[in-house]
Amino acid sequence: MAKRIAILAGDAIGPEIMTQAIRVFDVLEKHRDVKFKLVEAPFGASAYFSHGKAFPDETKVVCDEADAILKGPVGLSFEASQKIPVEEQAERGAILPLRARYNTYANFRPIFLSKDMVHFSPLKREIIPEGIDILLIRELVGGLYFGEKERGVDKTGKRFVKEVLEYTEDQVRQILIIGFKQAQKRKGILHNIHKSNVLMSSVFWNEILAEVHKDFQDVEVKNILVDAAATALCLNPSQFDVMVMENMFGDILSDQGGGILGSLGLMPSACIGPEKAYYEPSHGSAPDIAGKNIANPYSMIGSVAMMLEMSFNMVEESKAVWQAMQSVFEKGYSTSDLSSAEKGNIVSTIKFGDLVMQELDKLLMNS
Ligand code: IPM
Ligand code: MN
């Protein structure tokens, strides 16, 4: 039976990079006994303008019926967003409800740069002689993002705001288990990112961690404060392998991860729930470069690679997609949005897609 995939192309550069990413499915169908049924649906700011809602009901149905969801970046520039009511702006109106609907609590954000791609990083080569290979795991449906929010005026007539950071022990346990399992699969080291010198939520988190650790005694835990981790990511990223953290810490440190890679454009991600998963680039919709055919589709194609592995257990095919993208970079091709002037034959989004598909075609033909 065909695998059903909901395609939410999103806003700004979304449709351009999505067009390249879904070509992977055609190449796979050509070489493997597999069929994909792609169903496009409106999502984000464009959906608000066409359907009056950032996450329209018909899109919810498409997602409910899908085996997996592939989502492009959404959102508009700050100025353009002002034309949309706050609750329907793409982040609050589409992304967070999508995460909540499918309880996609486990967010995998690989911070990866092969040895041949170190020139993309702003870090000195001697800091990352072997490239960068970190798996950042972010809790995605709890904490400040989903806590109660209140605005008001106090007795003295001054305005105030309150935003609650809330976690249940089950929520913390389930993401830590994911962290431990990934550490087991990789180097057996888990960096626990916390702020227990100040936040009660981190004291709580660390208590649960100590309990969960008993079931994963082969994993070494290294505790590091979130602020120190930010520095360490710049000075010595090689010390990290798997990092696990709560939602807000993960939002910030994963963008820093993109920073040390040289671009958020190099960061795909997977958002995994108990029954459904969706895959998306970690970056925004880059309205400033939309429609110019210059955005690199790596993060979107990489999101397909993650889907193949994590939703469909197509491990070999997933590796082939990664490898195809690496070889395009190794051959010196790049797009102008990526910050590497050092080496590079600059090509368009479409051409980059062509090159990846050619490589993938070759790889799948020979395996
Ligand atoms: C991300 C994004 C989102 C987040 C926004 C767009 C809601 O920044 O996926 O990291 O803050 O989680
Ligand atoms: Mn973010």
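Counting starts at 1 for both ligands and their atoms, in listed order.
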- Evaluate the criterion salt bridge (Lys or Arg N to Asp or Glu O under 4.0 Å) for residue pair K319 and E309; output intermediate values, then yes/no. CA-CA 8 Å; K319 279 194 189 134; E309 181 188 339; over 6 Å; no

- Message: Is the contact between H283 and ligand 1 made by the side chain, the backbone, both, or neither, using heavy atoms and a 4.0 Å cut-off?
- Response: neither

- Just distances here: any N/O of E91 and N/O of ligand 1 closer than 3.5 Å? no

- Examine the proximity of ligand 1 to R92 and report which part, side chain or backbone, both or neither, has a heavy atom under 4.0 Å away. neither

- Please tell me if the side chains of R101 and K60 come closer than 4.5 Å, counting only heavy atoms from C-beta onward. yes

- Message: Residue-level breakdown please: for R109 versus ligand 1, do any non-hydrogen atoms fall below 4.0 Å on the side chain, on the backbone, on both, or on neither?
- Response: side chain

- Message: Does this structure show an ion pair linking K149 with E163, if we count only N-O contacts that are shorter than 4.0 Å?
- Response: yes

- D251 atom (N/O/S) at minimal separation from the Mn ion (ligand 2): OD1

- Would you check whether R138 reaches within less than 4.0 Å of ligand 1, judged by its heavy atoms? yes

- Item | Selected option - heavy-atom contact closest to atom 8 (O) of ligand 1, from L98, D251, I95 | D251

- Query: So is M267 in contact with ligand 1, going by heavy-atom distances below 4.0 Å?
  - Reply: no

- Minimum side-chain heavy-atom gap Q326-D116 below 4.5 Å: no

- Could you tell me whether F108 and Y279 have their ring centroids closer than 6.0 angstrom? no

- Query: Starting from atom 11 (O) of ligand 1, which protein heavy atom do you reach first, and at what distance in Å?
  - Reply: Y145 OH, 2.5 Å

- Query: Using 30° and 60° as the class limits, which term best fits the ring planes of F25 and F36: parallel, tilted or perpendicular?
  - Reply: tilted

- Message: Given 3.5 Å as the limit, does a donor-acceptor pair link the side chain of D241 with the main chain of I189, or not?
- Response: no

